[in-house]
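No hydrogens, no waters, no symmetry mates; every other heavy atom, side chains included, goes into these values. The residues of the chain are indexed from 1 along the displayed sequence.
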Amino acid sequence: MATVGRPGARDGYHCGIDAAMDVIGGKWKVLILWALDESPRRFGELRRMLPGITEKVLTAHLRELETHGIVDRTAYDEIPPRVDYALTARGRALSTALEPLGEWGREHVLGQRPTPEAAVGA
């Protein structure tokens with residue numbers, strides 16, 4: 001997927017966060033990463049895990065994440081056809097990078113106490 005350059009930004013981005021947001025921006029991409037973090041999923045599983053996402057939007061986001069090397073799509077030559085989506089190594093690294101953001105959201109937005117794992121990493 002072609003990136004949209006920012007006026008005056010070198011390489012189309014102002015900073016690393018700007019570049020990362022180009023990959024994960026939007027309402028659903030981070031939730032797709034969350035759904036794929038535990039294990040590979042089929043399309044229908046992802047739809048059930050993400051109530052409110054349309055088939056069209058899920059398909060488009062999966063394609064974009066695949067283009068960025070975040071998600072791997074494996075099609076099996078079976079009847080009925082089966083396709084699995086999984087995080088690549090790059091996708092797992094991105095998911096790991098997002099963990100502190102999730103912890104911040106739980107603590108500062110949802111008002112939950114930090115998990116013991118987060119306290120150890122602090």
Side-chain angles (χ1 to χ4, degrees):
M1 171 180 196
T3 58
V4 178
R6 311 283 195 268
R10 183 176 173 214
D11 298 328
Y13 300 108
H14 289 290
C15 63
I17 291 175
D18 189 22
M21 290 305 296
D22 188 42
V23 175
I24 62 169
K27 178 178 180 179
W28 297 104
K29 288 183 184 173
V30 172
L31 295 175
I32 292 168
L33 291 173
W34 165 80
L36 293 174
D37 191 48
E38 292 180 14
S39 65
R41 308 271 182 199
R42 295 177 72 175
F43 188 87
E45 287 179 279
L46 290 170
R47 283 275 321 263
R48 286 188 295 279
M49 291 179 79
L50 305 170
I53 193 169
T54 65
E55 188 171 317
K56 179 180 177 180
V57 169
L58 179 56
T59 299
H61 284 340
L62 286 168
R63 285 185 183 148
E64 290 171 16
L65 290 168
E66 185 179 6
T67 299
H68 285 290
I70 304 301
V71 169
D72 183 46
R73 178 183 187 273
T74 304
Y76 297 91
D77 190 20
E78 300 175 353
I79 297 180
R82 178 171 63 111
V83 177
D84 286 340
Y85 295 91
L87 293 179
T88 62
R90 190 176 190 177
R92 286 188 300 278
L94 177 56
S95 186
T96 299
L98 290 170
E99 286 175 10
L101 182 61
E103 194 61 41
W104 183 91
R106 282 187 291 279
E107 183 176 348
H108 296 283
V109 178
L110 300 176
Q112 299 173 356
R113 294 180 181 246
T115 61
E117 299 84 26
V120 170

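- Taking Trp104 as the reference, His108 meet the ring-ring contact (aromatic ring centres under 6.0 Å, His included) condition, with sequence neighbours excluded.
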Working note: Leu65 + Leu36, criterion side-chain contact (heavy atoms from CB on, under 4.5 Å); need CA distance, chi angles, decisive distance, verdict.
CA-CA 12 Å; Leu65 290 168; Leu36 293 174; over 6 Å; no
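- Partners of Val83 under the side chain to side chain contact (heavy atoms under 4.5 Å, CB included) rule, at least two apart in sequence or in another chain, are Arg73, Ala75, Tyr85.
- For Asp37, the salt bridge (Lys or Arg N to Asp or Glu O under 4.0 Å) criterion is met by no residue, not counting sequence neighbours.
- With sequence neighbours left out, Leu31 forms a side chain to side chain contact (heavy atoms under 4.5 Å, CB included) with Trp28, Leu50.
- In terms of heavy-atom proximity, Asp22 sits nearest to Tyr13 at OD2-OH, 2.6 Å.
- Residues forming a side chain to side chain contact (heavy atoms under 4.5 Å, CB included) with Ile79 (at least two apart in sequence, or on another chain): none.
- Closest heavy-atom contact between Gly69 and Thr88: O-OG1, 2.5 Å.
- Residues satisfying the side chain to side chain contact (heavy atoms under 4.5 Å, CB included) criterion with Leu110, sequence neighbours excluded, are Arg106, Gln112.
- Judged as a side-chain hydrogen bond (donor to acceptor under 3.5 Å, both in side chains), and not counting sequence neighbours, Ser39 has no contacts.
- With rounding to the nearest 0.5 angstrom, the NZ atom of Lys27 is 12.0 Å from the CD1 atom of Ile32.
- Remark: Glu78 pairs with Arg82 by the side-chain hydrogen bond (donor to acceptor under 3.5 Å, both in side chains) rule, at least two apart or across chains.
- Taking CD from Glu38 and CG from Leu87, the interatomic distance works out to 11.0 Å, rounded to the nearest 0.5 Å.
- For the salt bridge (Lys or Arg N to Asp or Glu O under 4.0 Å) condition, no pair includes a residue of residues 86-100, sequence neighbours left out.
- In the hydrophobic clustering, Tyr76 connects to no other residue, as no ILVMFWY side-chain heavy atoms lie under 4.5 Å from its own.
- Side-chain contact check for Met21 versus Ile17: some heavy-atom pair is nearer than 4.5 Å.
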Report all side-chain donor-acceptor pairs from residues 53-63 shorter than 3.5 Å, counting only partners two or more places apart or in another chain.
{"residue": "Thr54", "atom": "OG1", "partner": "Val57", "partner atom": "N", "Å": "3.1"}
{"residue": "Thr59", "atom": "OG1", "partner": "Glu55", "partner atom": "O", "Å": "2.8"}

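- Expressed to the nearest 0.5 Å, how far CZ of Arg42 lies from CG of Asp84 amounts to 6.5 Å.
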